[in-house]
Participant: 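Attaching a single structure in structure tokens format; questions to follow.
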Amino acid sequence: MRSAVLAGGTASRFGGRPKGLEKVGGVRILDRVVEVVTVATGASPVLVIGTVADIVQNAGSLGGIYTAVSSGEGPVLVVAWDMPFLTVELVEALVNGAGDYDIFLPESTGPLGVEPLCAIYGPGTTEPIQRSLLHEDLRSTKFHDEVRRGTLPLDEVRAFGDPDVLFFNVNDPQDLQRAEELWRGQHETPRA
């Protein structure tokens, strides 16, 4: 399975600094994400969208997804570069569950009910995404009704951890501070 990490954007809420290059637990977030994706898919290297130009400029994450889908054959795992708590097991469940779906994504507790920036996109999504981009509709879920969509149910996602933590993304300095607190809470050794 091909894989792509969406790296980029203007990071306006992060003072223009590349948020995926910030560290959580002493390790850059991007490095954490690349390691999880590489282990889960058994494939390397990972295409990092942001180091290659988007096919459609200034189209946000949907433009990055389109670039990932269009940059090779077959399905592609797409993950955002600012999610420091993704797990190998969750990504493996996505890869194993994708089957013949055009898009396979985990259910979440977020406002969309799914997490489109941690999903498998198949070639069948190319034209529907292209239509959304042509109509300047940059919502990452707009085209889902046009394709065969499958989801990893929320109860299965919860088997890998709290969805609010698994899909936590670092958008601003407060998020980075919160991520560091979450990381410490997961890795501190209890005192006797």
Participant: Suppose we screen for side chain to side chain donor-acceptor pair (under 3.5 Å). Which residues come up paired with Asp31, at least two apart in sequence or across chains?
Facilitator: Arg28

Participant: Salt bridge (Lys or Arg N to Asp or Glu O under 4.0 Å) with Glu146: which residues, sequence neighbours excluded?
Facilitator: Arg131

Participant: Can you list everything that forms a ring pair (Phe, Tyr, Trp, His ring centres under 6.0 Å) with Phe104? Sequence neighbours excluded, please.
Facilitator: Tyr101

Participant: I need the Leu90 CG to Glu115 CD distance, nearest 0.5 Å.
Facilitator: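 These two atoms lie 10.0 Å from each other.
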
Participant: How long is the straight-line distance from SG of Cys118 back to CG of Leu152, given to the nearest 0.5 Å?
Facilitator: 9.5 Å

Participant: Kindly work out whether a path of hydrophobic side-chain contacts (I/L/V/M/F/W/Y, heavy atoms less than 4.5 Å apart) joins Val5 to Leu21.
Facilitator: yes

Participant: Minimum heavy-atom separation for Val76 and Ala4, please, with both atom names.
Facilitator: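 Of all heavy-atom pairs spanning Val76 and Ala4, the closest is CG2-N, 3.9 Å.
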
Participant: Got a sec, which residues hit side chain to side chain contact (heavy atoms under 4.5 Å, CB included) with Pro84, two or more places apart in sequence or on another chain?
Facilitator: Val24, Ile29, Arg32, Val170, Ala179

Participant: So, Thr125 side chain and Gly122 main chain: donor-acceptor pair closer than 3.5 Å or not?
Facilitator: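 Checking the backbone N and O of Gly122 against the side chain of Thr125, a donor-acceptor pair under 3.5 Å is found.
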
Participant: Looking only at heavy atoms, which two atoms of Leu117 and Ser61 are closest? And how far apart?
Facilitator: CD2-CB, 3.8 Å

Participant: How close do Pro75 and Met1 get, heavy atom to heavy atom, and via which atoms?
Facilitator: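 Heavy atoms of Pro75 and Met1 come nearest at CG-CE, 4.1 Å.
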
Participant: What's the separation between atom CD in Gln177 and atom CG in Leu182, rounded to the nearest 0.5 Å?
Facilitator: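 With rounding to 0.5 Å, CD (Gln177) is 11.0 Å from CG (Leu182).
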
Participant: What residues, two or more places apart in sequence or in another chain, satisfy side chain to side chain donor-acceptor pair (under 3.5 Å) together with Thr141?
Facilitator: none

Participant: Sort and list the pairs that fulfil salt bridge (charged side-chain N to carboxylate O under 4.0 Å, His left out) and have at least one residue in residues 80-90, not counting sequence neighbours.
Facilitator: Lys19-Asp82

Participant: Got a second to check how far Ile120's CD1 is from Asp102's CG, nearest 0.5 Å?
Facilitator: 12.5 Å

Participant: Sequence neighbours left out, what pairs pass ring pair (Phe, Tyr, Trp, His ring centres under 6.0 Å) with at least one residue falling in residues 120-146?
Facilitator: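 Sorted pair list comes back empty.
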
Participant: Between Arg148 and Asp100, is there a donor-acceptor pair closer than 3.5 Å when you use the side chain of the first and the backbone of the second?
Facilitator: yes

Participant: According to side chain to side chain donor-acceptor pair (under 3.5 Å), who are the partners of Asn96, at least two apart in sequence or on a separate chain?
Facilitator: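 Expected list: none.
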
Participant: Write down the atom of Val33, the atom of Met83, and the distance for their closest heavy-atom approach.
Facilitator: CG2-O, 3.4 Å

Participant: Mind listing the side-chain donor-acceptor pairs of residues 154-167 below 3.5 Å, one per line with the distance, residues two or more places apart or on another chain?
Facilitator:
residue	atom	partner	partner atom	Å
Asp162	OD1	Asp164	N	2.9
Asp164	OD1	Thr109	OG1	2.3

Participant: What heavy-atom pair brings Leu133 and Gly63 nearest, and what distance separates the two atoms?
Facilitator: CD2-N, 4.3 Å

Participant: For Arg139, enumerate each residue passing the side chain to side chain donor-acceptor pair (under 3.5 Å) test, keeping only those at least two apart in sequence or located in another chain.
Facilitator: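 Partners of Arg139 under the side chain to side chain donor-acceptor pair (under 3.5 Å) test: Asp137.
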
Participant: According to salt bridge (Lys or Arg N to Asp or Glu O under 4.0 Å), who are the partners of Glu181, at least two apart in sequence or on a separate chain?
Facilitator: Arg178

Participant: Nearest 0.5 Å, what's the OG-CD distance between Ser132 and Glu127?
Facilitator: 12.0 Å

Participant: Using only atom types and a distance under 3.5 Å, with no angle test, would you say the side chain of Thr151 pairs donor to acceptor with the backbone of Pro153?
Facilitator: no

Participant: Which residues satisfy the side chain to side chain contact (heavy atoms under 4.5 Å, CB included) test with Val88, sequence neighbours excluded?
Facilitator: Val36, Val39, Ala40, Glu92

Participant: Roughly how far, to the nearest 0.5 Å, is OG1 of Thr126 from CD1 of Ile65?
Facilitator: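 So the CD1 of Ile65 and the OG1 of Thr126 are separated by 12.0 Å.
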
